[in-house]
Amino acid sequence: MSAPLFLVEALPTGDALTLDGPEGHHAATVQRLRVGEELLLADGRGGTAAAVVTAVGRGSLDVTITSRGYADAPVPRLVTVQGIAKGDRGELAVQAMTEVGVDEIVPWSASRSVVQWRGDRGVRAREKWVATAREAAKQARRPWLPVVAGAPDESTATVARRIAGAAAGFVLHEEAEERLTTADLPSTGEIVLVVGPEGGIAPAELTAFAEAGGRPVRLGPAVLRTSTAGVAALSVLATRLGRW
């Protein structure tokens with residue numbers, strides 16, 4: 001089994017570190033790491049360090065750095081615009097998309113979203129997405145932490161502008177004729193993938209995205225849930241781009 005990964009604000013410049021706070025508590029109390037066991041540290045921006053535990057305290061670990069590394073950010077960059085969904089479906093989507101390699105997640109306030117993020121509720125909901133992405137990145141041993149956009153969400157007009165500035169934009173739609181498995185992909189820049197909410201993408205939204213350069217695509221004959229469509233599409237892209 002690979003060594004567990006813990007996120008830190010900055011990697012140590014020296015050879016020793018005390019891992020405390022929430023990450024130290026999780027390492028020492030939840031995972032019960034012991035002296036001599038190995039772990040990974042990451043700053044979420046590509047930097048990594050392998051370390052070995054030298055001492056265990058109450059909610060903290062002392063570690064010695066054994067090696068360092070850096071992973072370049074993947075290109076092209078994969079951005080998923082996720083229509084806000086009710087219940088925990090949005091968080092499930094964020095978790096799965098992070099595990100398969102999404103680089104940025106944009107919460108989208110679609111016209112057919114049952115739940116709308118407003119005021120403090122929206123701020124708290126976005127914070128849940130951020131926390132979910134962070135934990136999923138640790139589980140997947142990702143050196144790069146996905147960005148969660150929005151303050152707390154983005155409008156259809158903002159999403160259209162994002163598509164217009166991307167190297168490619170794809171809108172998942174069940175009536176599309178073009179398949180994502182055969183669509184032309186850029187080798188650099190940003191690929192924006194739009195996933196609708198439970199009620200789907202409204203005709204006016206589809207028109208706005210098409211006018212911005214977004215191409216409607218489908219995955220296959222089945223109609224997927226909003227919580228699974230993004231991860232399925234990202235899996236196709238990861239395979240075609242050689243990430244997998």
Side-chain angles (χ1 to χ4, degrees), residues 1-80 82 91 93-107 123-124 126-152 187-191 231 234-235 237-238 241-244:
M1 183 176 179
S2 59
L5 183 145
F6 299 93
L7 288 168
V8 294
E9 287 297 322
L11 294 171
T13 56
D15 294 333
L17 170 74
T18 297
L19 184 65
D20 52 15
E23 294 291 82
H25 170 77
H26 191 262
T29 307
V30 179
Q31 294 206 1
R32 295 180 175 274
L33 295 183
R34 295 294 179 254
V35 172
E37 292 193 87
E38 297 179 343
L39 56 85
L40 292 173
L41 301 174
D43 60 11
R45 300 178 296 278
T48 59
V52 61
V53 179
T54 56
V56 180
R58 182 184 289 273
S60 67
L61 296 177
D62 290 339
V63 304
T64 296
I65 307 301
T66 57
S67 65
R68 300 174 185 272
Y70 179 81
D72 290 329
V75 287
R77 196 163 180 268
L78 300 180
V79 179
T80 300
Q82 175 67 51
E91 291 166 45
V94 170
Q95 179 185 46
M97 290 190 297
T98 298
E99 291 178 1
V100 299
V102 73
D103 297 304
E104 183 175 351
I105 301 168
V106 180
V123 172
R124 291 193 299 271
R126 180 186 174 279
E127 287 174 349
K128 285 186 178 179
W129 281 28
V130 171
T132 299
R134 179 183 177 89
E135 292 306 309
K138 289 167 58 179
Q139 171 65 35
R141 277 61 161 179
R142 287 190 55 178
W144 282 90
L145 188 62
V147 174
V148 178
S187 58
T188 60
E190 191 171 272
I191 297 176
V231 68
L234 286 167
S235 298
L237 293 175
L241 293 169
R243 289 195 181 192
W244 286 11

Check: [X] side chain, [Y] main-chain N or O, donor-acceptor pair, under 3.5 Å:
X	Y	value
W129	I105	no
R134	L145	no
R142	T98	yes
T66	A50	yes
E37	R34	yes
D20	G24	no

I'd like to check [X] versus [Y] (side-chain heavy atoms, cut-off strictly below 4.5 Å). Are they in contact?
X	Y	answer
L61	L33	yes
S187	L241	no
V148	P107	yes

Using the side chain to side chain contact (heavy atoms under 4.5 Å, CB included) rule, take V30 and R32 through it: C-alpha gap first, then chi angles, then the decisive distance, then the call.
CA-CA 5 Å; V30 179; R32 295 180 175 274; over 6 Å; no
Supply the atom-to-atom distance [X] [atom1] to [Y] [atom2], rounded to the nearest 0.5 angstrom.
X	Y	atom1	atom2	result
Y70	D43	OH	CG	8.0 Å
Q139	E99	CD	CD	6.0 Å
L19	D62	CG	CG	9.5 Å

I'd like to know if the side chain of R141 pairs up with that of S2 as donor and acceptor (distance under 3.5 Å, no hydrogens or angles considered).
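The criterion, which ignores hydrogens and geometry beyond distance, is satisfied for S2 and R141.
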Distance only, no hydrogens: is a donor on one side chain within 3.5 Å (strictly under) of an acceptor on the other, for T64 and D15?
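Note: T64 and D15 side chains miss the donor-acceptor criterion.
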For the pair V106 and T80, evaluate side chain to side chain contact (heavy atoms under 4.5 Å, CB included) and give the outcome as yes or no after the intermediate values.
CA-CA 6 Å; V106 180; T80 300; over 6 Å; no
Report the C-alpha separation of T188 and V75 in whole Å, then their side-chain angles, then the decisive distance to 0.1 Å, and conclude whether the side chain to side chain contact (heavy atoms under 4.5 Å, CB included) test is met.
CA-CA 6 Å; T188 60; V75 287; 5.6 Å; no
Do NZ/NE/NH1/NH2 and the carboxylate oxygens of [X] and [Y] come within less than 4.0 Å?
X	Y	result
K138	E23	yes
E127	R124	no
D103	R243	yes

Near E38 CD, under 6.0 Å, is it more than 12 heavy atoms from other residues, nucleotides or ligands?
no
Please find the pair of heavy atoms, one from [X] and one from [Y], that lie closest to each other, and give the distance.
X	Y	value
V63	T54	N-OG1, 3.8 Å
R45	A10	NH2-CA, 4.4 Å
I65	A51	CD1-CB, 4.1 Å
F6	L39	CE1-CB, 4.1 Å
L11	V8	CD2-CG2, 3.9 Å
G44	L7	N-CD2, 3.9 Å

Tell me, with the steps shown, if Q82 and M97 meet side chain to side chain contact (heavy atoms under 4.5 Å, CB included).
CA-CA 10 Å; Q82 175 67 51; M97 290 190 297; 3.8 Å; yes
